[in-house]
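Naming convention: chains lettered A, B, ... in sequence-line order (proteins, then strands); numbering from 1 in each chain.
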Protein chains: 2
Amino acid sequence: MEDEVDRLVAAWRRERPDLDVEPLEVLSRVSRLARHLDRARRLAFSEHQLEPWEFDVLTALRRAGTPYQLSPGQLLTQTLVTSGTMTNRIDRLAKKGLVERLPDPSDRRGVLVRLTDEGRDRADQALAGLLEQERAILAELSRAQRAELAGLLRQLTAPFDNIPG
Amino acid sequence: MEDEVDRLVAAWRRERPDLDVEPLEVLSRVSRLARHLDRARRLAFSEHQLEPWEFDVLTALRRAGTPYQLSPGQLLTQTLVTSGTMTNRIDRLAKKGLVERLPDPSDRRGVLVRLTDEGRDRADQALAGLLEQERAILAELSRAQRAELAGLLRQLTAPFDNIPG
DNA sequence: ATGAAGTCTCTTGATATCGAGCCTCTTGAT
DNA sequence: ATCAAGAGGCTCGATATCAAGAGACTTCAT
């Protein structure tokens, strides 16, 4: 089946036959799919009264395991946002009672963000919903294809994740 | 090589062994890779004094071919933004002299957005720069792997692009 | 000790986005 | 003709993001 990127690439080949636009076949699909996923996630989370950004922070803390706490800096690297954004997010989550801010006992500059019980429950519920929805999207592919796809994507993400980037 | 999603998935398997988090292997990589690409694109475009959003609009018009004009509505569907956003983008591009707004001769509600000569040149230059950068990112994969990856991604994007979505 | 450099978080100001509603014009049924 | 419904683009208010820089504290070399 044809997709929007096929049309996009065909248009470039017509307009700029001198250029090799092969890279777009992969990377434009990644960008566009990510936007579609954002919208789908937003919808899935709205059932749990959570915004995508709230989910990102809450689940980062949830994954850390007991006692469910991380520094803002650790949250930055996991969520790929800037520090100003994270400050703002923590403020709002704290106001909603889903996290609390504690002084870091071992570094007086630092802060620890801890998930509240309610925050943990909300994260767990939203994760279940998200996985269900993602499984539906991935039903297009066989198990083997999904594994293949994951492996190829890993080769592209690894340099970003490991080099300072 | 391991990436951030491997660590993320491992953490979920430890914290929620009851859940099947396999979908994340694919879709979390897509989302994270897209964010990395956004940043890389922003950097690549800054050499040409263009923002990513400007590139998106300009190249949509460029791909349309002579006379390089589309309606705001057509631009919406190609760039996946809302109409308010597109109005704002067109305003700013017009102010910079990269596009101009013309009345649609066949529908008095409508407007046509046309690329200026300078807009076309800037789009062409930025595209060349982007492709160069994307080629570097994709050098991790063989030609056959890139084709494989593109095909798998197409299967996921096609439903979004073809069904009303 | 002491000072310089680095780290961590927060503040600030600018800006882009979205969602909802509005107005104009078109379409199609009667 | 006329009217209701729809389509197209714009306005407006709220909000989330980023970049740059400030302040507090730590680290490390001297």
For the pair made of [atom1] in [X] and [atom2] in [N], what is the distance, rounded to whole Å?
X	N	atom1	atom2	value
Glu54(A)	dT17(D)	CD	P	10 Å
Arg41(B)	dC18(D)	CZ	C1'	17 Å
Leu80(B)	dT17(C)	CG	C1'	14 Å
Lys96(B)	dT15(C)	NZ	C1'	14 Å
Leu75(B)	dT17(C)	CG	P	13 Å
Asp91(B)	dT17(C)	CG	P	12 Å
Leu76(A)	dC18(D)	CG	C1'	13 Å
Asp104(B)	dT26(C)	CG	P	10 Å

> Do other residues, nucleotides or ligands put more than 12 heavy atoms under 6.0 Å from Arg143(A) CZ?
Replying inline: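 No, because the 6.0 Å sphere around CZ of Arg143(A) holds 12 heavy atoms or fewer from other groups.
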
>> Using a 6.0 Å cut-off, check whether atom CZ of Arg101(B) has over 12 heavy atoms from anything other than its own residue.
In response: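 Enclosed.
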
Starting the side chain at C-beta, find the nucleotide from [options] nearest to [X].
X	options	result
Arg108(A)	dT26(C), dC10(D), dT26(D)	dT26(D)
Arg42(B)	dA16(C), dA19(D), dT9(C)	dA19(D)
Val81(B)	dC18(D), dT9(C), dC18(C)	dC18(C)

Any side-chain N or O of [X] less than 4.0 Å from the OP1 or OP2 oxygen of [N]?
X	N	answer
Thr85(A)	dT17(D)	no
Arg39(A)	dG19(C)	no
Arg35(B)	dC18(D)	yes
Arg92(A)	dT17(D)	yes
Ser71(A)	dT9(C)	yes

> Has the side chain of Ser83(B) got a donor or acceptor atom sitting under 3.5 Å from an opposite partner on the base of dC10(D)?
Replying inline: yes

> Could a donor-acceptor pair under 3.5 angstrom be found where the side chain of Arg109(A) meets the base of dT7(C)?
Replying inline: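 Yes, a donor-acceptor pair under 3.5 Å.
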
> Run the side-chain contact (heavy atoms from CB on, under 4.5 Å) check on Phe160(A) and Glu4(B) step by step: do they pass?
Replying inline: CA-CA 9 Å; Phe160(A) 287 105; Glu4(B) 200 57 40; over 6 Å; no

> Looking for any heavy atom pair under 4.0 Å, which part of the strands does Gly84(A) touch: base, sugar-phosphate only, or nothing?
Replying inline: base

> Looking across every strand, which nucleic acid part, if any, lies under 4.0 Å from Asn88(A) by heavy atom: base, sugar-phosphate, or nothing?
Replying inline: base

> Which heavy-atom pair separates Ile137(A) from Leu156(B) by the least distance, and what is that distance?
Replying inline: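 Looking at all heavy atoms of both residues, the shortest contact is O-CD2, 3.7 Å.
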
>> For the backbone of Val111(A) and the side chain of Ser71(A), can you confirm whether one donor and one acceptor N or O come within less than 3.5 Å of each other?
In response: no

>> Suppose we define a pair by two distances each less than 3.5 Å, Watson-Crick or G-U wobble; what does dT30(C) pair with here?
In response: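 In the structure as shown, dT30(C) has dA1(D) as its Watson-Crick or wobble partner.
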
> Paired with dT11(D): which nucleotide, if any, by Watson-Crick or G-U wobble criteria at under 3.5 Å for both distances?
Replying inline: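 Paired with dT11(D), as far as the under-3.5 Å criterion goes, is dA20(C).
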
>> Taking the nucleotide of DNA chain C with the nearest heavy atom to each, does Val111(A) or Glu51(B) sit closer to the 5' end?
In response: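 Nearer the 5' end of the strand: Val111(A).
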
> Nearest nucleotide by nearest heavy atom, which residue falls closer to the 5' end of DNA chain C, Trp53(B) or Asp107(B)?
Replying inline: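 Nearer the 5' end of the strand: Trp53(B).
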
> Going by atom types only, do Thr82(A) and Thr85(A) share a side-chain donor-acceptor pair under 3.5 Å?
Replying inline: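 Yes, a side-chain donor-acceptor pair sits under 3.5 Å.
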
